[in-house]
Amino acid sequence: MNQACNLSPGTTIVGKWNGESYTIIKALGQGATGSVYLGDSRQGKVAIKLSENSMAITSEVNVLKHFSKVQGTSLGPSLLDVDDWKDHSQRLISFYVMEYVQGKNFLEFVEQRGIEWSTVLALQLLTNLEKLHQEGWVFGDLKPENLIVSGPPPKIRCIDVGGTTQQGRSIKEFTEFFDRGYWGMGNRKAEPTYDLFSVAMIIINAAYPKRFKKMSDRDGQAQLMDKIDQHPFLNQHRDVLQQALLGKYTNAQEMKSGFIQLLSNKASKDKPRSQSYQTRVSKQQQSPPKGRQTTSTKKPPQHSRTQVKQKKRSKGKEVTFLRH
């Protein structure tokens with residue numbers, strides 16, 4: 001077993017080169033290249049990833065450094081420290097320390113707030129992916145477990161960049177349900193369309209939290225389209241999801257525009273009903289039924305002789321008192 005995957009709460013890690021000290025609080029997760037722990041430091045709570053595979057750590061550190069240079073993106077956590085640590089058996093373990101992103105994971109958040117939030121968060125994710133793709137990278141292992149919603153206001157963040165790959169290469173890490181190769185709908189080449197397929201599957205996962213496996217006797221595309229048709233919310237977004245699954249969108253901005261157009265069309269369908277109601281009310285107010293007078297013909301009040309006389313006696317004064 002990887003030694004880095006078996007640290008107990010209270011274990012102290014002291015960096016060999018930078019000398020920073022961290023105390024393990026609990027395990028956060030385990031991946032193909034190492035384990036992530038919640039730790040305490042003089043800067044507060046942090047996330048620490050440790051691995052005996054120093055090359056894997058170096059690769060992920062380079063990705064995080066690159067993320068920090070991409071203007072306007074907050075897809076990955078901030079990198080705080082990189083070092084090595086000798087455990088009790090003098091084994092050298094590489095690690096890096098990053099910002100601890102607090103919040104709920106994608107599925108937990110959507111379950112609490114409603115499935116409509118899946119597309120709202122997807123729009124944020126697509127904005128960040130567009131910037132990442134423009135820099136020549138593909139995220140690769142996109143899945144709800146790697147996505148944290150921080151805030152308020154709700155903001156989607158990623159907590160694992162282990163699958164991030166330079167475009168043109170083979171995807172380093174993937175999870176079957178979100179992998180187009182698993183569904184027989186494409187290869188595992190690192191390109192924007194690979195990430196966009198995963199985004200569509202994340203939304204499908206929001207509708208089917210327990211997920212489902214590919215049926216051996218069925219075409220993957222047909223099975224996914226059936227699942228979309230069977231769920232009312234997914235069916236509303238069928239066109240966009242289908243385009244993403246089939247690799248028809250060449251970039252994240254196109255998929256984002258597709259979602260926005262759907263929302264705009266929905267708003268347009270609702271708008272005429274509201275306008276016609278207002279128009280009917282307006283016409284009723286402005287055009288009374290025939291037979292009714294449209295202008296007031298009420299005669300001015302007639303004063304009694306006593307009132308007239310009183311007014312004459314009070315002529316020249318600012319206020320006239322009328323006696324009834």
Side-chain angles (χ1 to χ4, degrees), residues 28-36 47 49 51 53-70 73-79 96 98 101 105-107 121-122 124-149 156-206 211 214 220 224 241 244-256:
L28 292 176
Q30 182 175 340
T33 59
S35 299
V36 181
K49 183 160 188 177
S51 177
N53 186 342
S54 61
M55 292 298 293
I57 291 293
T58 300
S59 175
E60 292 183 25
V61 165
N62 287 337
V63 170
L64 286 172
K65 287 181 177 178
H66 192 83
F67 276 4
S68 67
K69 297 176 183 177
V70 180
T73 183
S74 57
L75 192 55
S78 303
L79 180 67
Y96 64 86
M98 52 189 162
V101 181
N105 73 41
F106 185 95
L107 291 183
L121 296 174
Q124 289 187 22
L125 182 58
L126 288 167
T127 297
N128 287 328
L129 286 175
E130 176 67 12
K131 294 170 184 174
L132 183 66
H133 294 162
Q134 288 174 351
E135 294 296 320
W137 295 82
V138 168
F139 203 89
D141 196 17
L142 269 177
K143 56 184 178 180
E145 293 90 332
N146 286 346
L147 299 173
I148 293 291
V149 183
I156 197 163
R157 305 286 302 279
C158 187
I159 57 173
D160 191 346
V161 298
T164 305
T165 309
Q166 285 186 308
Q167 290 183 28
R169 297 182 179 180
S170 296
I171 293 294
K172 294 189 296 184
E173 294 181 24
F174 62 87
T175 301
E176 285 186 343
F177 188 82
F178 308 94
D179 170 48
R180 66 185 181 185
Y182 170 75
W183 294 99
M185 297 181 69
N187 57 32
R188 294 191 176 108
K189 182 180 179 181
E191 54 192 11
T193 52
Y194 187 91
D195 278 346
L196 302 185
F197 180 94
S198 298
V199 173
M201 291 304 297
I202 287 172
I203 296 174
I204 292 174
N205 191 188
R211 299 178 189 171
K214 182 180 182 299
L224 290 177
L241 295 175
L245 292 174
L246 295 178
K248 299 298 184 181
Y249 292 124
T250 59
N251 57 64
Q253 181 59 44
E254 288 183 1
M255 187 174 180
K256 181 179 177 181

Distance in Å, [X] [atom1] paired with [Y] [atom2], rounded so as to fall on 0.5 Å steps:
{"X": "Asp141", "Y": "Ile171", "atom1": "CG", "atom2": "CD1", "result": "9.0 Å"}
{"X": "Ile202", "Y": "Asp195", "atom1": "CD1", "atom2": "CG", "result": "9.0 Å"}
{"X": "Gln166", "Y": "His66", "atom1": "CD", "atom2": "NE2", "result": "8.0 Å"}
{"X": "Tyr96", "Y": "Leu79", "atom1": "OH", "atom2": "CG", "result": "8.0 Å"}
{"X": "Lys143", "Y": "Thr175", "atom1": "NZ", "atom2": "OG1", "result": "3.0 Å"}
{"X": "Asn205", "Y": "Ser198", "atom1": "CG", "atom2": "OG", "result": "11.5 Å"}

Inset, instruction - Look at atom NZ of Lys214 and say whether more than 12 heavy atoms of other residues, nucleotides or ligands are closer to it than 6.0 Å. - result: yes
Inset, instruction - Taking salt bridge (Lys or Arg N to Asp or Glu O under 4.0 Å) as the test, write out the residues that go with Arg211, two or more places apart. - result: Glu145
Check whether any side-chain N or O of [X] sits under 3.5 Å from a backbone N or O of [Y] as a donor-acceptor pair, and report yes or no.
{"X": "Asn105", "Y": "Leu147", "answer": "no"}
{"X": "Gln124", "Y": "Ile156", "answer": "yes"}
{"X": "Thr165", "Y": "Val138", "answer": "no"}
{"X": "Ser59", "Y": "Met55", "answer": "no"}

Inset, instruction - Classify the angle between the aromatic ring planes of Phe177 and Trp183 as parallel (below 30°), tilted (30 to 60°) or perpendicular (above 60°). - result: perpendicular
Inset, instruction - Report the C-alpha separation of Thr193 and Arg180 in whole Å, then their side-chain angles, then the decisive distance to 0.1 Å, and conclude whether the side chain to side chain donor-acceptor pair (under 3.5 Å) test is met. - result: CA-CA 10 Å; Thr193 52; Arg180 66 185 181 185; 3.0 Å; yes
Inset, instruction - Go through the steps for Phe178 and Leu142 under the test side chain to side chain contact (heavy atoms under 4.5 Å, CB included), then give the verdict. - result: CA-CA 7 Å; Phe178 308 94; Leu142 269 177; 6.0 Å; no
Side chain to side chain, [X] and [Y], heavy atoms closer than 4.5 Å:
{"X": "Leu196", "Y": "Glu254", "value": "no"}
{"X": "Leu121", "Y": "Val149", "value": "yes"}
{"X": "Gln253", "Y": "Leu126", "value": "no"}
{"X": "Gln167", "Y": "Pro192", "value": "yes"}
{"X": "Cys158", "Y": "Ile148", "value": "no"}

Where [X] and [Y] come nearest, the two heavy atoms and their spacing:
{"X": "Asp179", "Y": "Phe197", "answer": "C-CE2, 3.7 Å"}
{"X": "Leu245", "Y": "Met201", "answer": "CD2-SD, 3.8 Å"}
{"X": "Leu64", "Y": "Pro77", "answer": "CD2-O, 3.4 Å"}
{"X": "Ala252", "Y": "His133", "answer": "CB-ND1, 4.4 Å"}

Legend entry - Trace of the side chain to side chain contact (heavy atoms under 4.5 Å, CB included) decision for Gln30 with Ser35: CA-CA 4 Å; Gln30 182 175 340; Ser35 299; 3.7 Å; yes
Inset, instruction - Could you go through the side chain to side chain contact (heavy atoms under 4.5 Å, CB included) check for Ile57 and Val61 one step at a time? - result: CA-CA 6 Å; Ile57 291 293; Val61 165; 4.2 Å; yes
Legend entry - Electrostatic pair Arg188:Glu176 at N-O distance under 4.0 angstrom: no
Inset, instruction - Flag the pair Lys49 and Glu60 as a salt bridge only when some basic side-chain nitrogen lies within less than 4.0 angstrom of an acidic carboxylate oxygen. - result: yes
Can you see whether [X] engages [Y] through a side-chain donor-acceptor pair at a distance of less than 3.5 angstrom?
{"X": "Tyr194", "Y": "Asn187", "answer": "no"}
{"X": "Thr164", "Y": "Lys172", "answer": "no"}
{"X": "Lys256", "Y": "Thr127", "answer": "yes"}

Inset, instruction - Decide yes or no on side chain to side chain contact (heavy atoms under 4.5 Å, CB included) for Leu241 and Ile203, but give the supporting numbers first. - result: CA-CA 9 Å; Leu241 295 175; Ile203 296 174; 4.2 Å; yes
Inset, instruction - For Ala244, check side-chain contact (heavy atoms from CB on, under 4.5 Å) against everything at least two apart and list the hits. - result: Ala200, Tyr249, Met255
